[in-house]
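Reading through the structure tokens given below for one structure.
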Amino acid sequence: MSYEARLNEACAMVIRAIKMEDSPDINHLRTMNGVRETILGIASERVADTEAFIRNLSHGDHMLVAEIDGHVVGCVGLTVSKMPRESRTAGLGIMVHADYQRQGIGRALMAAILDLADKWLMLKRVELSVFIDNEPAVKLYLSMGFVVEGTKKFAAIRDGAYMDEYLMARYRI
Ligand SMILES: CC(C)(COP(=O)(O)OP(=O)(O)OC[C@H]1O[C@@H](n2cnc3c(N)ncnc32)[C@H](O)[C@@H]1OP(=O)(O)O)[C@@H](O)C(=O)NCCC(=O)NCCS
């Protein structure tokens with residue numbers, strides 16, 4: 001058995017690149033209560049939408065999933081800007097299954113994607129948007145070196161209201 005296989009067997013959780021077979025799990029994550037509300041998901045999203053999303057990922061898209069017992073319980077993504085002069089900038093998104101939150105999975109996914117951003121893509125800037133009342137996410141981002149750059153007013157709809165979002169970013173200079 002390879003070193004990698006033994007390592008994976010020893011760990012309850014594996015962080016790995018996304019694959020097409022993850023579509024049902026990721027669709028489930030994106031639409032579930034406790035996740036959908038804060039990631040701009042919508043209950044009508046179909047597995048086919050997720051399949052199309054995964055199929056259309058390009059070289060500038062870097063998606064990692066956290067897998068436990070054969071199921072995806074978390075996902076993080078980095079999208080490098082396609083604009084040549086923003087080639088050192090990427091957007092970040094993350095979600096963890098509602099039943100698996102507060103167990104360190106979000107922090108592990110963030111550490112993995114930021115390692116990729118810092119050491120393998122050598123990005124200068126990673127940016128994201130987050131609802132201003134999403135305390136778990138804001139705390140996680142602050143603890144990993146992100147700062148609040150500003151507030152987007154009435155940025156997105158959530159449950160019958162227009163919500164403000166923080167613009168946050170992390171710089172490696
Ligand atoms: C935000 C999210 C990714 C955090 O993932 P997680 O696996 O629950 O987080 P972790 O257990 O790794 O905790 C990491 C840090 O996040 C913060 N945090 C997580 N849950 C929290 C909570 N309920 N209240 C306050 N802080 C919280 C803490 O700073 C925590 O560090 P600590 O354990 O040292 O205090 C997860 O809550 C989630 O997926 N939420 C729904 C989707 C979402 O909001 N995505 C982000 C959209 S911008």
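Just follow the structure's listing: the first ligand is 1, and inside any ligand the first atom is 1. For clarity, every value in this text was computed on a predicted model and none was experimentally measured.
At a heavy-atom cutoff of 4.0 Å, ligand 1 is contacted by the side chain of Ile39 but not by its backbone. Proximity of Tyr166 to ligand 1, defined as any heavy-atom pair under 4.0 Å, is not found for any part of the residue. Heavy atoms of Ser129 found under 4.0 angstrom from ligand 1 belong exclusively to the backbone. For Asn134, every heavy-atom contact with ligand 1 shorter than 4.0 Å involves the side chain, none the backbone.
The heavy atom nearest to atom 39 (O) of ligand 1, considering only Leu92, Val96, Leu40, Val35, is found in Val96. If you check each of Ala66, Cys75, Pro136 against atom 27 (C) of ligand 1, the one with the closest non-hydrogen atom is Pro136. Across the listed options His97, Lys139, Arg102, Arg36, Arg102 owns the non-hydrogen atom lying nearest to atom 24 (N) of ligand 1.
Geometrically, ligand 1 and Ile94 share a nitrogen or oxygen pair separated by less than 3.5 Å. In terms of polar-atom proximity, Glu135 is not counted as a contact of ligand 1, lacking any N or O under 3.5 Å from an N or O of the ligand. Residue Gly106 has at least one N or O atom closer than 3.5 Å to an N or O atom of ligand 1.
For the pair Arg170 (side chain) and Phe146 (backbone), a donor-acceptor distance under 3.5 Å is absent. Between the side chain of Glu127 and the main chain of Gly91, no donor-acceptor pair closer than 3.5 Å is present. Judged by distance alone, with hydrogens and angles left aside, the side-chain atoms of Arg107 form no donor-acceptor pair with the main-chain N or O of Leu140 at under 3.5 Å. Between the Gln101 side chain and the Gly34 main chain, a donor and an acceptor come within less than 3.5 Å of each other. Under a 3.5 Å cut-off, the side chain of Asp164 and the backbone N or O of Phe154 do form a donor-acceptor pair. In terms of modelled atom types and a separation under 3.5 Å, the side chain of Arg88 and the main chain of Leu121 share a donor-acceptor contact. Not one N or O on the side chain of Thr151 forms a donor-acceptor pair closer than 3.5 Å with the backbone of Lys153.
Crowding of Ile42 atom CD1: a count of heavy atoms from other residues, nucleotides or ligands under 6.0 Å not exceeding 12.
Salt bridge Asp22/Arg16: present, at least one basic N to carboxylate O contact under 4.0 Å. A salt bridge is absent between Arg30 and Asp25; no separation between the charged side-chain nitrogens and carboxylate oxygens falls under 4.0 Å. Between Asp49 and Arg46 there is a salt bridge, with a side-chain nitrogen of the basic residue lying less than 4.0 Å from a carboxylate oxygen of the acidic one.
The Tyr141 neighbourhood of ligand 1 comprises atoms 46 (C), 47 (C), 48 (S), with distances under 4.0 Å to a heavy atom of that residue. Short contacts between ligand 1 and Gly104, defined as distances under 4.0 Å to a heavy atom of the residue, involve ligand atoms 10 (P), 11 (O), 12 (O). Contact atoms of ligand 1 toward Gly34: 41 (C) (distance under 4.0 Å to a heavy atom of the residue). If you number the atoms of ligand 1 from 1 as listed, the ones under 4.0 Å from a heavy atom of Met95 come out as 39 (O).
In this structure, atom 16 (O) of ligand 1 lies nearest to the protein heavy atom Leu140 CB, 3.5 Å. Protein heavy atom at the shortest distance from atom 43 (C) of ligand 1 is Thr38 OG1, 3.2 Å. Atom 34 (O) of ligand 1 has as its closest protein heavy atom Arg107 NH2, 3.6 Å. Closest protein heavy atom to atom 40 (N) of ligand 1: Gln101 NE2, 3.5 Å.
In this structure, Arg158 is positioned above the aromatic face of Phe131, its NZ or CZ under 6.0 Å from the six-membered ring centre and within 45° of the axis.
By the 4.0 Å heavy-atom criterion, Gly74 is excluded from the residues contacting ligand 1.
The presence of a protein heavy atom under 4.0 Å from atom 13 (O) of ligand 1 is ruled out.
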